[in-house]
Q: 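My questions all concern the structure below.
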Number of protein chains: 2
Amino acid sequence: MASIYDIAKMAGVSVATVSRVINGEKYVAPETREKVQKILRETGFIPNANAKSLTKKKTNTMAVVVPDLTNPFFTEIIRGIEQQAAQRKMAVIIANTDEDLEHERLAIRSLMGRRVDALILASAARAGKEIRSSLRDDIPLVLLDRKPNGLEADLVRSDDRGGAEILVDYLFALGHRRIGFISGKAGISTAKNRLEGYVAALRGHGLEPEQELMAPGDFQRTGGREGILKLLALAQPPTAVIAANNIEAIGALEALREKKLDVPGDLSLVCFDDLELASQVYPFLTVAAQPVKTMGAVAAQLALERLAGQSSQRREVVMRMTLLERRSCRRV
Amino acid sequence: MASIYDIAKMAGVSVATVSRVINGEKYVAPETREKVQKILRETGFIPNANAKSLTKKKTNTMAVVVPDLTNPFFTEIIRGIEQQAAQRKMAVIIANTDEDLEHERLAIRSLMGRRVDALILASAARAGKEIRSSLRDDIPLVLLDRKPNGLEADLVRSDDRGGAEILVDYLFALGHRRIGFISGKAGISTAKNRLEGYVAALRGHGLEPEQELMAPGDFQRTGGREGILKLLALAQPPTAVIAANNIEAIGALEALREKKLDVPGDLSLVCFDDLELASQVYPFLTVAAQPVKTMGAVAAQLALERLAGQSSQRREVVMRMTLLERRSCRRV
DNA sequence: TTGCGATGTCGTAAATGCTGGCCATTCTGA
DNA sequence: TCAGAATGGCCAGCATTTACGACATCGCAA
């Protein structure tokens, strides 16, 4: 690759001048500028951003780490982030961890090595200490959707307890009294909050939460499948089930279909998080949805502010959930 | 940030030794190694990858540029790529262009500046010259799904003409004779091939293709909406419609629902590309699907080979499409 | 006309964090 | 004793930016 030296030589000026032209700085004569720009154009020179970041000590890059790139919840968030970043002419680099802690560690370490300026993280970790050593401790960090235990940082999440309440209320109003719950990945804050919200909401209606009605899950399809099977196998199975996220609901739906069970005929099903595209094809699942794109935008803004050094105290933005009633439930 | 010099000083060795320890090279005594590693651990040192790439002249990174991150077709492909990359310990960096040429140019330029080792590109460009100046001309490049005119590079695509044939055959067999087509983004190879396949397949059945049955599109939701509306407004509307991709089909479906038209009752609808998650929720749309994840894996492999300097001739891998029959069509 | 500070233009060289070739020294075993 | 092998330091190089300094030019007051 050509370097700025080659350009300088071709243009008969010094590297400093070329650098000035490239970065549109003052103090270069119009003719000189023109001459250099001509060479730049002709050679299609693209400066080495790595070398630049070495001296500038910043990369103009923000990183986003998500646990599941195929989940529309996260891709929509990413779009929100990208829009904000583009406005500040920052690049966004996306990493996917497949809900796997080791993947996440590697991804974060790689990003830290690249010296990204800020990190937006939807972590697969339960506790901060599981990833802390992979993080540079001075990096502007915004936690997204999930808060690993003991990791202090800005946080954008939604009101999971409130969302759980909305769902339980809805099912209760339809007459359901045995309401099952397929939990999210153990140890993840979001999963915990949703479960707690569910328990609290049940109590609010004078219902006693039963252990057997709460199946473990993992936020993935298999968790949904296994969860629903477990609940169905109960002596007294639930009449309605809440899945802790959209993907689990899909897994559950698959299992139900294989067992030739009808939703909502044989069972009512709702979940957290909307399914963007899918719900356009077929507005089926009733869900508690979050303002996804906004969440991304807010996360990016927090990161940017943190980067700019404003406000040093920890901030937490909580988004309200909304019930989108469709047709996966019936009155009993 | 601490640098390798700081570590060297703390450990009382030279930077070279620290470098050797970090990279697990030979010729460093066990005690020295242990001593350095201890410091490394304590300080949580993460080497600056940018500086490293400066001297090594490679970044161990492969970039993927896609036009629509919310389209499951592309996210699945990305997963295929990631798996291959992970095996070679390469990082993948993902960029999203929202089907916008200017976005794409910026993204590519940014990636070139970062000196990524290889680029996998599903381009929004019609012609190679629209983006050529943003590309380093020596970069290992693999085109994905789409081939901008005049851009010579390895290519992984699917058999779009064959796919169109499959869809037309299917509809024809169901008795449809007026088959509409909502095209993809004008100028994109994939769109062109699908349309040509459609025309050819019609002729193959002795049907004369009619201009009015071919609506323009953009591979996006709006294109689907407008396309279907156009077709419905015809004096003699089609009884079946093929959308050039999954997202357009969703747009079409939305418009149909708003007009209170039933699929397949009032109209049969099929499209290219499957809808992963969505089709799990509700196996509705009949589609011509591609082996998505494999496409990603193959693309990554081609890039890697190109990077390794093997095989200098241009390669093209064409994947066969499969009909996934569901229930968006009826016999007429 | 001269003098001089301000301003504009450009080059030199150091610095950034890392690798790797080369060389010097020490150690090992025959 | 001596050939290697093992160990580790020095320094150049990678592609940038930027502080600093050298000149040139200009405006304007003396």
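In what follows, every chain begins at residue 1, and chains take the letters A, B, ... in the order their sequences are listed.
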Q: Spell out yes or no: do the side chain of Arg20(B) and the base of dG20(C) have one donor N/O and one acceptor N/O closer than 3.5 Å?
A: no

Q: Whole angstrom is fine here: how far is it from CG in Asn23(B) over to P in dG20(C)?
A: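 Whole-Å distance recorded here is 7 Å.
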
Q: Is the shortest heavy-atom distance from the side chain of Leu141(B) to the side chain of Leu151(B) under 4.5 Å?
A: yes

Q: Under 4.0 angstrom, heavy atoms only, what part of the nucleic acid is Thr32(B) near: base, sugar-phosphate, or nothing?
A: sugar-phosphate

Q: Reading DNA chain C from 5' onward, which residue's closest nucleotide shows up sooner: Ala16(A) or Tyr27(A)?
A: Tyr27(A)

Q: Using heavy atoms to find the nearest nucleotide of DNA chain D for Ala29(B) and Val15(A) separately, return the residue whose nucleotide is more 5′.
A: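 Taking each residue's closest nucleotide, the earlier one in sequence belongs to Ala29(B).
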
Q: Check whether any side-chain heavy atom of Arg126(B) sits under 4.5 Å from a side-chain heavy atom of Leu101(B), and report yes or no.
A: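 The answer is no; the side chains never approach within 4.5 Å.
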
Q: I want to check something: taking the side chain as every heavy atom from C-beta on, are Ile77(A) and Ile120(A) in contact at a cut-off of under 4.5 Å?
A: no

Q: Check the distance between dT17(D)'s C1' and Ile7(A)'s CD1 and give it to me in whole angstrom.
A: 16 Å

Q: Indicate whether OP1 or OP2 belonging to dT19(C) is found under 4.0 Å from a side-chain N or O atom of Ser19(B).
A: yes

Q: Answer yes or no: does a side-chain N or O of Thr55(A) lie under 4.0 Å from OP1 or OP2 of dA15(C)?
A: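 No, Thr55(A) has no side-chain N/O under 4.0 Å of OP1/OP2 on dA15(C).
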
Q: Provide, to the nearest angstrom, the distance between the NZ atom belonging to Lys26(A) and the C1' atom belonging to dG8(C).
A: 9 Å

Q: Is the backbone N or O of Lys57(A) less than 3.5 Å from a side-chain atom of Arg115(A), with the two atoms forming a donor-acceptor pair by type?
A: no

Q: Given side chains that start at C-beta, do those of Asn149(B) and Lys192(B) come closer than 4.5 Å, heavy atoms only?
A: yes

Q: Taking the side chain of Lys57(A) as heavy atoms from C-beta outward, which of dG17(C), dT17(D), dG9(D) is closest to it?
A: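 Output: dG17(C).
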
Q: Could you tell me whether a side-chain N or O of Lys293(A) sits under 3.5 Å from a main-chain N or O of Ala297(A), the two making a donor and an acceptor?
A: no

Q: Would you classify Thr17(A) as touching base, sugar-phosphate or nothing, given that sugar-phosphate means primed atoms plus P, OP1 and OP2, and contacts are heavy atoms under 4.0 Å?
A: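 Result for Thr17(A) = sugar-phosphate.
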
Q: Could you state the NZ-P distance from Lys56(A) to dT16(D), rounded to the nearest angstrom?
A: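 Result: 14 Å.
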
Q: What is the distance, rounded to the nearest whole Å, between atom NZ of Lys52(B) and atom P of dT16(C)?
A: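 One finds 21 Å between P of dT16(C) and NZ of Lys52(B), rounded.
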
Q: In degrees rounded to 10°, what angle is found between the helical axes fit to the five outermost pairs at each end of the helix from dT1(C)-dA30(D) to dA30(C)-dT1(D)?
A: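 That helix has its two terminal axes inclined by roughly 50°.
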
Q: Give the rounded distance in Å between these two atoms: OH of Tyr5(A) and P of dC14(D).
A: 10 Å

Q: Mind checking Asn50(A) for me? I need base, sugar-phosphate or nothing, with any heavy atom below 4.0 Å counting as a touch.
A: nothing

Q: Testing Arg306(B), Gln301(B), Gln313(B) one by one against Asp154(B) for a side chain to side chain donor-acceptor pair (under 3.5 Å), which residue passes?
A: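 That would be Arg306(B).
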
Q: Could you check how far CZ of Arg114(B) sits from P of dT16(D), rounded to whole Å?
A: 14 Å

Q: Calculate the interatomic distance between Glu25(B) atom CD and dT19(C) atom C1'; express it in whole Å.
A: 8 Å

Q: State, yes or no, whether a side-chain contact exists between Lys185(B) and Glu99(B) at a heavy-atom distance under 4.5 Å.
A: yes

Q: Under 4.0 Å: is that the gap between some side-chain N or O of Asn48(B) and OP1 or OP2 of dT16(C)?
A: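 No, outside the criterion.
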
